[in-house]
2 protein chains.
Amino acid sequence: MPAKPSGASSRRSRSTGAATASGGPPLSLERIIATAVELLDTQGVDGLSMRRLADRLGAGAMSLYWHVGNKEEVFDLALDAVLAYGPPEAETHGWRASVVHMLEDWRGAMLRHPWSAALLPRRALGPSMLGRLELLSQTLLRAGVADADLNVAIWSVWNYVMGATITRGSFDRSPDDLEAAQRRLTELGERYPSIDRSRLLLDSDWDGAFKKGLDLLLDGLTPKR
Amino acid sequence: MPAKPSGASSRRSRSTGAATASGGPPLSLERIIATAVELLDTQGVDGLSMRRLADRLGAGAMSLYWHVGNKEEVFDLALDAVLAYGPPEAETHGWRASVVHMLEDWRGAMLRHPWSAALLPRRALGPSMLGRLELLSQTLLRAGVADADLNVAIWSVWNYVMGATITRGSFDRSPDDLEAAQRRLTELGERYPSIDRSRLLLDSDWDGAFKKGLDLLLDGLTPKR
DNA sequence: ACCTGAACACCGTTCAAGT
DNA sequence: ACCTGAACACCGTTCAAGT
């Protein structure tokens with residue numbers, strides 16, 4: 001069994017490269033991950049199979065296993081790629097702005113790649129999320145959160161973003177679907193009068209609610225001045 | 001194609017029943033769901049296959065499809081079974097106690113069946129969750145929440161419970177695993193000094209944090225008297 | 001009414017082999 | 001160093017058939 005790079009080193013293949021059977025560009029970790037993300041975005045989690053991924057890359061079905069240990073690693077790498085964070089170019093003023101920026105960017109990334117939110121809790125934390133956690137941690141300390149309260153504060157924020165985004169994503173089906181669901185609720189009639197009446201499934205300002213709740217949460221977690 | 005019950009009617013097979021090939025009790029929706037939950041609890045989401053489920057029931061591989069449309073329906077039914085809610089026998093005093101009771105019961109159910117939290121956002125809302133939402137809705141109204149604020153309040157609570165439980169469940173690996181993860185963090189050294197120092201992955205009082213955060217949230221959502 | 005096996009179109013992964 | 005096909009042990013589901 002030859003030594004495999006197994007995902008760590010992704011040196012680009014130098015020279016012209018014999019390339020793949022169908023004449024496409026040669027395989028590389030970057031290309032594999034980029035195509036995996038593409039496939040996940042368009043076909044969903046169940047749409048990603050090693051065989052389909054290889055096919056899309058113009059490669060033989062088993063070629064991927066040279067670059068990658070197994071399918072789980074593909075998920076980990078795609079997830080980490082999608083969650084990468086480069087802090088804003090412009091100087092943000094104040095700890096609050098930088099926390100909010102990071103969290104909204106995180107949420108945005110998960111909504112742009114709807115498979116990611118559901119996947120994130122099931123995988124180990126990759127560098128992208130560790131980086132975000134580190135930034136969050138440092139910024140909260142800078143904001144005056146006591147050492148003893150730090151972990152609770154971090155997890156509260158984390159939970160808030162995860163809960164809001166997962167829910168929002170799951171109700172982000174087509175308007176027709178939502179209408180149908182709400183109609184089903186109405187048919188069930190007397191069984192669920194209150195949530196039927198409030199049109200719970202339809203009238204929800206997700207973005208506004210997110211911002212508002214986040215403000216409340218940060219107020220609560222942070223020492224009052 | 002004969003008319004199938006397709007999950008709605010679950011009338012029990014009367015008479016002794018020819019039973020299954022291996023002589024076990026006859027199939028029924030109840031038995032199928034109960035065994036599915038068992039399998040999910042012991043083997044996880046990936047451990048549930050239609051073939052394995054049938055096998056465990058002492059039935060031929062394809063017998064399930066008489067009782068159930070497809071695998072997704074098995075998930076829906078197992079999820080709904082696990083999330084059923086019977087309000088407490090004893091009279092609870094006050095809206096707050098009854099909200100807290102329902103939410104902690106919900107959280108408890110998801111933690112007892114670790115596959116359920118991750119699955120819930122991906123499936124349509126079943127009767128069990130609709131019932132809980134209805135109860136929550138009515139109770140919040142009783143607590144004085146204005147009609148216009150109701151949906152935001154409901155989703156805030158929902159998001160809170162989901163976020164907290166999914167995260168908690170995902171970090172509920174063996175202590176050894178957690179130690180290893182935290183050690184890996186330490187090795188990465190200067191990269192994540194703050195979360196390494198706070199032992200973020202290890203020192204987390206999940207249950208305490210949940211209760212505290214829920215109290216804060218309910219205070220914030222409910223009109224101050 | 002309920003259960004069944006054969007068959008189809010897929011999977012992930014190992015392995016020995018090619019260049 | 002990198003890519004490949006054959007093969008293995010699985011999947012979910014359809015269908016025609018059994019009782």
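As the structure is a computational prediction, the values presented were derived from the model and not from experiment. Throughout, protein chains are lettered first and strands after them, A, B, ... in sequence-line order, and every chain is numbered starting at 1.
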Of the listed nucleotides dG12(C), dC3(D), dT13(D), the one nearest the side chain of Lys71(A):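 Among the listed nucleotides, the one closest to the side chain of Lys71(A) is dG12(C).
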Nucleotide nearest Arg51(A) (side chain, heavy atoms from C-beta), chosen from dG12(C), dC3(C), dA6(C):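 Ranking dG12(C), dC3(C), dA6(C) by closest atom to the Arg51(A) side chain puts dG12(C) first.
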Quick check on [N]: is either OP1 or OP2 less than 4.0 Å from any side-chain nitrogen or oxygen of [X]?
X        : N       : result
His67(B) : dA1(C)  : no
Trp66(B) : dC3(C)  : no
Arg52(B) : dC10(D) : no

For the pair made of [atom1] in [X] and [atom2] in [N], what is the distance, rounded to whole Å?
X        : N       : atom1 : atom2 : answer
Asp46(A) : dC11(D) : CG    : C1'   : 13 Å
Leu53(B) : dT13(D) : CG    : P     : 12 Å
Leu29(A) : dC2(D)  : CG    : C1'   : 13 Å
Leu57(A) : dC2(D)  : CG    : P     : 16 Å
Tyr65(A) : dC15(C) : OH    : P     : 13 Å
Leu48(A) : dC10(C) : CG    : C1'   : 15 Å
Leu64(B) : dC11(D) : CG    : P     : 13 Å
Asp55(B) : dC11(D) : CG    : C1'   : 14 Å

Touch class at under 4.0 angstrom, heavy-atom based, for Met62(A) against every strand present: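 Base, at least one base heavy atom under 4.0 Å.
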Sugar-phosphate only, base, or nothing, as touched by Ser49(B) at under 4.0 Å among non-hydrogen atoms: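 Ser49(B): backbone/sugar contact only, no base atoms under 4.0 Å.
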Would a 4.5 Å heavy-atom cut-off, applied to side chains only, mark [X] and [Y] as touching?
X         : Y         : result
Met129(B) : Trp158(B) : yes
Phe210(A) : Trp155(B) : no
Leu57(B)  : Leu64(B)  : yes

Under 3.5 Å donor-acceptor, Ser63(A) side chain and Ala59(A) backbone: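 Side chain of Ser63(A) to backbone of Ala59(A), a donor-acceptor pair under 3.5 Å: no, none is there.
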Arg191(B) and Asp196(B) ion-paired at < 4.0 Å: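 Judged by the 4.0 Å cut-off on N to carboxylate O distance, Arg191(B) and Asp196(B) do not form a salt bridge.
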Under-4.0 Å salt bridge between Lys211(A) and Asp205(A):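 Salt bridge absent between Lys211(A) and Asp205(A).
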Base-pairing string, 5' to 3', of DNA chain D - Watson-Crick or wobble, under 3.5 Å, | interstrand: ||.|||||...|||||.||
Flag if over 12 foreign heavy atoms under 6.0 Å of CZ, Arg122(A):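 12 or below, so no.
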